[in-house]
Amino acid sequence: MRKIFLLAAALMVMLTATAFADDGVYEYTSETYGFKITCPAKPIVVVNPFEDPYQKGELLVFANEGMKIIYGYQILLDAFKDNAVPDFNASNRQFIDAYLEKMREDDAYEYVELVNVSKGNRGVMALTAKEITILNDKGEVEGTLVADRQSAFTFFRTSGGRCISIQLLAEDFGEDNINDYRKSISTFRDAGDK
């Protein structure tokens with residue numbers, strides 16, 4: 001009888017752990033653009049926020065207060081010109097390092113890092129700065145601008161060569177949100193991927 005009780009208890013623990021592991025994970029497929037991404041939750045709103053017909057993408061909102069986005073992803077397709085950004089998988093390391101250093105020198109970012117987006121595919125992840133130093137024409141510090149909110153974004157090329165940017169819009173840049181964001185990025189698949 002005791003063995004049956006222990007087996008039943010172990011089975012309940014396994015089922016509960018599985019239920020929690022799957023809770024809050026949702027595979028989103030864009031009906032308009034055909035990309036797929038695993039999200040931390042099902043979006044409550046999906047918006048095409050671009051008036052410019054040359055900008056393509058969607059805004060996935062997971063939490064909001066009225067018009068204010070508390071938590072969401074903005075996904076841009078064809079987000080940058082192919083020749084404006086190095087190919088982080090094929091360009092020589094000096095060229096990539098120079099590009100990253102130029103971004104780091106810009107006060108608009110708190111950090112800029114080369115990251116593995118998925119197996120065999122690298123991109124850049126950056127976090128906008130909370131405080132930005134304002135310089136005058138002579139390069140002297142004139143003041144500091146404090147941003148209302150920060151955002152993290154990652155840009156990379158898909159295996160099909162498409163230039164993607166995924167931005168995390170959040171009130172909280174805690175470890176859990178950043179980890180969920182990184183996991184989501186690693187699952188991104190474009191309709192044209194090889």
By side-chain contact (heavy atoms from CB on, under 4.5 Å), which residues pair with Asp176, not counting sequence neighbours? none
With a 4.5 Å heavy-atom cut-off, do Asn48 and Thr32 have their side chains touching? no
Search all heavy atoms of Ser186 against all heavy atoms of Ser118 and return the closest pair with its distance. O-CB, 3.9 Å
For residues 53-62, pull every pair meeting salt bridge (Lys or Arg N to Asp or Glu O under 4.0 Å), keeping only residues two or more places apart or in separate chains. Lys56-Asp78
Contacts of type ring pair (Phe, Tyr, Trp, His ring centres under 6.0 Å), residue Tyr33, not counting sequence neighbours: none
Could I get the full list of side chain to side chain donor-acceptor pair (under 3.5 Å) partners for Thr154, not counting sequence neighbours? Tyr181
Output all residues satisfying side chain to side chain donor-acceptor pair (under 3.5 Å) with Asn179, sequence neighbours left out; order by chain, then residue number. none
Is there a side-chain contact between Leu127 and Ile178 (heavy atoms, below 4.5 Å)? no
Distance-only donor-acceptor pairs under 3.5 Å for side chains of residues 63-74, two or more places apart:
unit_1 : atom_1 : unit_2 : atom_2 : d
Asn64  : ND2    : Gly66  : O      : 2.7
Tyr73  : OH     : Ser184 : OG     : 3.0

Any sub-3.5 Å donor-acceptor pair from Asn121's side-chain atoms to Asn89's backbone N or O? no
Does Leu59 belong to the same Ile/Leu/Val/Met/Phe/Trp/Tyr cluster as Ile164, with side-chain heavy atoms less than 4.5 Å apart forming each link? no
Ignoring hydrogens and angles, write down the donor-acceptor pairs under 3.5 Å from the side chains of residues 134-141, residues two or more places apart or on other chains.
unit_1 : atom_1 : unit_2 : atom_2 : d
Asn136 : OD1    : Lys138 : N      : 2.9
Asn136 : OD1    : Gly139 : N      : 3.1
Asn136 : OD1    : Glu140 : N      : 2.9
Asn136 : ND2    : Glu140 : OE1    : 3.1

Return the set of residues passing side-chain contact (heavy atoms from CB on, under 4.5 Å) with Asp97 (not counting sequence neighbours), or none when no residue passes. Arg93
Using side chain to side chain donor-acceptor pair (under 3.5 Å) as the criterion, list what pairs up with Asp190, not counting sequence neighbours. Arg162
Any residue meeting side chain to side chain donor-acceptor pair (under 3.5 Å) with Glu113, in chain and number order, not counting sequence neighbours: none
Evaluate the side-chain proximity of Val25 to Lys183: yes if any heavy-atom separation is below 4.5 Å, no if none is. no
Looking at Met103 and Ala126, what are the two nearest heavy atoms and their distance? CE-CB, 4.3 Å
Test Ile37 against Ile166 for side-chain contact (heavy atoms from CB on, under 4.5 Å), laying out the working first. CA-CA 11 Å; Ile37 187 169; Ile166 302 176; 4.0 Å; yes
Run the side-chain hydrogen bond (donor to acceptor under 3.5 Å, both in side chains) test on Ser151 and Gln167 for me, step by step, so that the C-alpha distance in whole Å, both residues' side-chain angles and the decisive distance to 0.1 Å come before the verdict. CA-CA 7 Å; Ser151 65; Gln167 183 176 4; 2.9 Å; yes
Distance-minimising heavy-atom pair for Gly123 and Phe156: CA-CB, 3.9 Å
Under a 4.5 Å side-chain heavy-atom rule over Ile, Leu, Val, Met, Phe, Trp and Tyr, are Leu76 and Leu169 clustered together? no
Heavy-atom check, side chain of Val124 versus side chain of Val85, under 4.5 Å: no
Ring pair (Phe, Tyr, Trp, His ring centres under 6.0 Å) against Phe35, all qualifying residues, sequence neighbours excluded: Phe188
Heavy-atom nearest pair, Asp87 first then Ile96, reads O-CD1, 4.0 Å
Residues in side-chain contact (heavy atoms from CB on, under 4.5 Å) contact with Glu101, at least two apart in sequence or another chain: Arg104, Glu105
Closest non-hydrogen atom pair, Ala152 against Phe173: N-CE2, 3.5 Å
With a 4.5 Å cut-off on side-chain heavy atoms, are Val117 and Phe88 touching? no
Where Ala41 and Phe62 come nearest, the two heavy atoms and their spacing: O-CE2, 3.3 Å
Check: Thr187 main-chain N/O paired with Thr38 side-chain donor or acceptor under 3.5 Å: no
